[in-house]
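First the structure, then my questions, so here it is.
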Amino acid sequence: MLAGTLAWRYGSEARGYGLTLACAAVAWYAWSEQAAGRAVRRHTILMGLALALGLWSHHYAVLIFAPVAVGEAVAQWQGRAWRGGPWVAMAAATTALVPLIPLLQVAAAQRMTFWGRPQ
C-alpha cells in the first residue's frame with residue numbers, strides 16, 4: 001500500500017500521474033482482450049477512449065501508445081492477418097489532442113524558461 005511508504009508525502013505532487021496510470025492499465029487490458037478475440041468491438045472502443053483520456057490527463061501518456069502499437073504489430077505479423085480496428089482506435093485517440101493544440105503551443109513557448117532559477 002502506497003500510503004504506508006515514504007512516497008506518501010509526494011502524493012500532492014503527483015498531478016495527473018494516477019489518472020494516467022489508470023488509463024494505461026485500462027488501455028492495455030482492453031488491447032489484450034480484443035487481441036484475444038473477446039468482445040473485440042467493445043474492447044477496441046474502450047482502448048481508444050482510455051488512450052484519449054490518458055492524453056488529456058498528462059502529456060506522458062503518449063508513452064502508453066508504444067506497447068500497444070508494438071504488441072499489435074507483432075500480433076498481426078505473427079498471425080499474418082491485418083486488423084484495422086486497433087490502429088483506427090489509436091488514430092482516433094490521437095485526434096483527441098486537436099482541442100489541446102493552443103495549450104501545447106503556449107507550453108512549447110515556455111519550455112526554455114520552465115526550469116529557470118529565479119534571480
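Just so we're clear, the structure is a prediction, and the values are computed from it rather than from any experiment. Values below: all heavy atoms of this structure, side chains included; hydrogens, waters and symmetry mates excluded. For this chain, numbers begin at 1 and follow the sequence in order.
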Verdict with reasoning, Val26 to Leu53, per side chain to side chain contact (heavy atoms under 4.5 Å, CB included)
CA-CA 11 Å; Val26 170; Leu53 181 59; over 6 Å; no
Pairs involving residues 94-105, ordered by first then second residue, that meet side chain to side chain donor-acceptor pair (under 3.5 Å) (sequence neighbours left out):
none
Do you know the tightest heavy-atom contact between Ala27 and Leu51?
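Ala27 and Leu51 have their closest heavy atoms at CB-CD2, 3.9 Å.
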Contact summary for Ser57 and Thr20, nearest pair of heavy atoms
OG-OG1, 2.8 Å
Determine whether a donor-acceptor pair (N or O, by modelled atom type, separation under 3.5 Å) exists between the side chain of Gln76 and the backbone of Arg83.
yes
Honestly curious: do Tyr60 and Met47 fall in one hydrophobic cluster under the side-chain, below-4.5 Å linking rule?
no
Looking at Ala61 and Gly54, what are the two nearest heavy atoms and their distance?
CB-O, 3.0 Å
Shortest non-hydrogen contact from Pro86 toward Thr44
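Nearest heavy atoms, Pro86 then Thr44: N-CG2, 4.1 Å.
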For Ala73 and Trp87, work out which heavy atoms get closest and say how close.
N-CZ2, 3.9 Å
Donor-acceptor contact present, side-chain His43 to main-chain Arg38, <3.5 Å
yes
Residue pair Trp56 / Pro99, side-chain heavy-atom distance below 4.5 Å:
yes
Per the side chain to side chain donor-acceptor pair (under 3.5 Å) rule, what does the pair list look like for residues 22-31, sequence neighbours excluded?
Trp31-Glu72
Considering only Ile, Leu, Val, Met, Phe, Trp and Tyr, and joining two whenever side-chain heavy atoms are under 4.5 Å apart, list the other residues clustered with Val88.
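Val88 shares its hydrophobic cluster with no other residue.
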Do Leu103 and Val106 come close enough that some side-chain heavy atom pair is under 4.5 Å?
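Contact flag for Leu103/Val106 side chains = no.
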